Amino acid sequence: MKPNDVILKSVTRVAAVIILTFSIYLFMNGHHHPGGGFIGGLSMASSIVLLYLSFGVEKVRENIRVDFKKLSAVGVLIAVATGTVSVIFGKPFLTQTFGHFDLPIFGDTELASALIFDTGVALAVIGTAVNIILSISEDR
């Protein structure tokens, strides 16, 4: 007999959107307030794992075609490259730089190298966390 998990799937659809929105907020808010790449990536990974638990591995893999091992490798590469660029310009490893740009819709916007580093950290955390959960689920 097939289990009837309509409530779980319905709640997951709403909860996943809320968790993803909150994780983007944590990620974007990170270099001025608590948050950043690690917690933003971890909360995004938790929403992906919730989708895997509710809808099954095969169904989610059809819709999210991401190799999480490669995603974590790209994230580490971005994070290390961000620190290496500062060394190339004669500064200490992971020295942050920023500038203000006048963007048409947003107006005066600050762009910092910490955002690029946080992107690498977030990708590495998402890839690693989801990969660990998927490898645990395969060992049953």
Side-chain angles (χ1 to χ4, degrees):
M1 183 158 83
K2 184 178 175 185
N4 188 1
D5 50 358
V6 175
I7 294 174
L8 175 65
K9 288 182 180 181
S10 299
V11 170
T12 297
R13 286 185 181 109
V14 174
V17 172
I18 293 170
I19 295 170
L20 286 173
T21 305
F22 184 62
S23 68
I24 291 170
Y25 169 76
L26 286 173
F27 172 77
M28 296 302 290
N29 204 26
H31 62 278
H32 289 298
H33 302 287
F38 183 79
I39 193 63
L42 200 58
S43 60
M44 190 171 290
S46 70
S47 111
I48 294 171
V49 168
L50 179 63
L51 289 172
Y52 275 117
L53 289 172
S54 299
F55 294 101
V57 176
E58 296 82 21
K59 183 78 170 175
V60 176
R61 279 192 179 157
E62 289 175 9
N63 295 311
I64 302 177
R65 296 181 183 150
V66 176
D67 184 4
F68 290 103
K69 290 178 186 177
K70 289 180 183 176
L71 185 71
S72 59
V74 167
V76 170
L77 184 67
I78 290 172
V80 171
T82 305
T84 307
V85 168
S86 61
V87 171
I88 292 171
F89 288 108
K91 302 284 184 185
F93 186 71
L94 285 177
T95 299
Q96 176 180 315
T97 185
F98 65 93
H100 290 271
F101 300 95
D102 189 28
L103 299 176
I105 295 174
F106 301 107
D108 185 38
T109 305
E110 179 186 66
L111 179 63
S113 62
L115 184 64
I116 301 168
F117 175 75
D118 279 344
T119 302
V121 170
L123 293 176
V125 169
I126 292 167
T128 303
V130 174
N131 196 27
I132 288 171
I133 296 299
L134 288 177
S135 65
I136 289 172
S137 72
E138 291 172 356
D139 288 341
R140 44 185 172 116

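On a predicted model such as this, the values are computed, not experimentally measured, just so you know. Numbering of residues begins at 1 and proceeds along the displayed sequence.
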Test item: I133 and Y52 side chains (from C-beta on) under 4.5 Å apart, heavy atoms: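 A side-chain contact is absent here, since even the closest heavy-atom pair is not under 4.5 Å.
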Close side-chain approach of M44 and I24, heavy atoms under 4.5 Å: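 Contact flag for M44/I24 side chains = yes.
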For the pair [X] (side chain) and [Y] (backbone), establish whether a donor and an acceptor sit closer than 3.5 Å, ignoring hydrogens and angles.
| X | Y | answer |
| --- | --- | --- |
| S43 | G40 | yes |
| T109 | G107 | yes |
| T128 | V125 | no |
| S86 | L94 | yes |

In one Ile/Leu/Val/Met/Phe/Trp/Tyr side-chain cluster, 4.5 Å: L134, V66: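 Yes, one cluster joins them.
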Cluster link L42 to V121, ILVMFWY, side chain under 4.5 Å: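 In one cluster: yes.
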Criterion side-chain contact (heavy atoms from CB on, under 4.5 Å) on T119 and F27, from CA distance to verdict: CA-CA 8 Å; T119 302; F27 172 77; 3.3 Å; yes
T97 vs F89, side-chain contact (heavy atoms from CB on, under 4.5 Å): CA-CA, chis, key distance, verdict: CA-CA 11 Å; T97 185; F89 288 108; over 6 Å; no
Summary of salt bridge (Lys or Arg N to Asp or Glu O under 4.0 Å) pairs that have at least one residue in residues 52-63, sequence neighbours excluded: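 Passing the test, one end in residues 52-63: R61-E138.
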Derivation of the side-chain contact (heavy atoms from CB on, under 4.5 Å) call for L111 and F98: CA-CA 6 Å; L111 179 63; F98 65 93; over 6 Å; no
Enclosure of L103 CG (heavy-atom neighbours >12, cutoff 6.0 Å):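 Yes, CG of L103 has more than 12 neighbouring heavy atoms, counting only those of other groups under 6.0 Å.
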